[in-house]
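What follows is one structure encoded as structure tokens, with my remarks underneath.
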Amino acid sequence: MESESQSIAKLIDFIDETFAEAVQCIYNSKGRLVVTGIGKSAIIAQKMVASFNSTGTPSLFLHASEAIHGDLGMIQKDDVIICISKSGNSPEIKSLVPLLTRFGNKLIGMTGNMTSFLAKGSHYVLNTTVDAESCPLNLAPTNSTTAQLVMGDAIVVCLMEMRDFKAEDFAIYHPGGALGKKLLLRVKDMLEHTLKPEVGPETPIKKAIFEISEKRLGVTAVVENNKVIGIITDGDIRRMLNERDTFAELTAKDIMTKNPKTVQSTDMVVDAFNIMEDFSITQLIVVDNGEYKGVLHLHDILKEGIV
């Protein structure tokens, strides 16, 4: 681990004007970014493609050995190409490099050998030289592939900053799973299938208890002229029973909690969850322009797998 971390640290010295020009070339491209390699470098190339695609740079993977057997057809005239190879001199790379540039495509070489065939045949060269592999035989790609991965991540991050890529943009490319829900799901999306407990300020306590039980959200809003003036929770009911022997004469306004915490239907669910955590509560009243819209419950958030 120390060996690999040291190799990564040395990459900082290789972030130079050529790196900046290569990133600018990708940014200015009207085509896609094609990333190619062979062996372990091909696996790194695939990861880079995944990162580029998820952050707004349309990309595709081209396997170096398959390229010379027909897959070169996926490259279009405006595409920019990154070719990854530690040695830069493997037979497949030597065969491929002239073919990658014959139609005028810009080629960015990523290599650990700055005098290699790949380096000499590229328009821009990204240096991923490492002193040695952490493999005890100095053979298995370890430090070198980590260096390639980190250099690829550096390109990804630079392009994100140049495009002013925001969390909202990231969510567009990650709509599924917990990550997508965290970035996209709004409170209104959670209200579509939930009930809307509601009583008036003069509602007898017994009816308020029935409303809480029937709607199964552990709470009811106290609403007057469609404005929320308070809430009654399970906890309020328990405290009332502990403090009184009878409650027949009580109404909702007598035990309600005034000025409850609220959110708007357009708020992000994850922000609503953070409010619940901050105030140690399990429900939030949803209000838009003073109008009562419903209740957001912690259990519903947990069911969505957002947290």
Side-chain angles (χ1 to χ4, degrees), residues 166-171 174-307:
K166 302 183 183 302
E168 293 80 5
D169 303 309
F170 193 80
H174 298 77
L179 178 59
K181 290 179 180 179
K182 185 174 182 179
L183 294 172
L184 289 174
L185 200 64
R186 296 187 182 274
V187 171
K188 61 183 177 181
D189 301 319
M190 302 282 289
L191 296 181
E192 295 178 359
H193 305 292
T194 60
L195 299 174
K196 187 180 175 183
E198 177 179 342
V199 297
E202 303 299 331
T203 300
I205 290 299
K206 185 175 182 179
K207 288 188 177 181
I209 294 174
F210 285 157
E211 181 71 0
I212 294 173
S213 299
E214 182 182 348
K215 300 299 172 60
R216 299 174 180 240
L217 291 172
V219 66
T220 183
V222 182
V223 179
E224 186 174 35
N225 298 323
N226 207 32
K227 304 290 184 182
V228 176
I229 62 173
I231 61 170
I232 300 174
T233 66
D234 286 339
D236 293 324
I237 299 297
R238 287 193 296 271
R239 283 188 289 273
M240 177 198 69
L241 294 175
N242 286 332
E243 295 170 0
R244 293 174 176 265
D245 294 326
T246 178
F247 56 87
E249 78 285 0
L250 295 179
T251 61
K253 66 180 180 182
D254 295 323
I255 69 166
M256 71 180 186
T257 299
K258 297 179 180 180
N259 302 316
K261 301 298 178 185
T262 64
V263 291
Q264 298 182 63
S265 64
T266 54
D267 290 341
M268 304 302 296
V269 172
V270 67
D271 293 331
F273 171 76
N274 290 334
I275 294 174
M276 291 181 184
E277 276 205 319
D278 291 342
F279 292 95
S280 299
I281 56 180
T282 58
Q283 307 100 341
L284 281 170
I285 300 296
V286 183
V287 176
D288 287 345
N289 298 319
E291 183 179 348
Y292 174 50
K293 293 295 184 180
V295 175
L296 180 66
H297 199 287
L298 175 62
H299 292 166
D300 293 325
I301 297 177
L302 296 178
K303 285 179 183 177
E304 289 293 334
I306 295 174
V307 292

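Just so it is clear, the model here is predicted, and its values are computed rather than measured.
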Least distance between heavy atoms, Ala221 atom then Ile285 atom: CB-CD1, 4.1 Å

Closest contact, heavy atoms only, Ile212 versus Asp234: CG2-OD1, 3.3 Å

Nearest-0.5 Å distance, CG of residue Asp288 to OG1 of residue Thr266: 6.0 Å

Atom CG of Asn259 with >12 non-hydrogen neighbours under 6.0 angstrom: no

Point-to-point distance, once rounded to the nearest 0.5 Å, from CZ of Arg216 to CD of Glu214: 9.5 Å

Heavy-atom pair of closest approach, residues Ala252 and Val199: CB-CG2, 4.0 Å

Steps toward side chain to side chain contact (heavy atoms under 4.5 Å, CB included) verdict (Leu284, Ile275): CA-CA 9 Å; Leu284 281 170; Ile275 294 174; 3.9 Å; yes

Pairing of Lys215 and Glu211 as salt bridge, 4.0 angstrom limit: yes

Inter-residue atom distance Lys207.NZ - Glu202.CD, 0.5 Å rounding: 12.5 Å

Where Gly230 and Met256 come nearest, the two heavy atoms and their spacing: CA-SD, 4.0 Å

Approximate separation, where rounding is to 0.5 Å, of Thr257 OG1 and Arg239 CZ: 6.5 Å

Test log, rule side chain to side chain contact (heavy atoms under 4.5 Å, CB included), inputs Val263 and Asp271: CA-CA 9 Å; Val263 291; Asp271 293 331; over 6 Å; no

Inter-residue atom distance Asp300.CG - Met190.CE, 0.5 Å rounding: 5.0 Å

More than 12 heavy atoms from other groups under 6.0 Å of CG on Asn225: no

Backbone of Leu217 reached by a side-chain donor or acceptor of Gln283 within 3.5 Å: yes

Leu296 to Val187 - nearest heavy-atom pair and separation: CD2-CG2, 4.1 Å

Gap between atom NE2 of His297 and atom CG of Leu191 - 0.5 Å precision: 13.5 Å

Under 3.5 Å donor-acceptor, Thr220 side chain and Glu198 backbone: yes

Any donor-acceptor N/O pair, Lys253 side chain to Ile229 backbone, under 3.5 Å: no

Any Ile237 side-chain heavy atom under 4.5 Å of Ile255 side chain: yes

Salt-bridge contact Asp189-Arg186 (side-chain N to carboxylate O under 4.0 Å): no

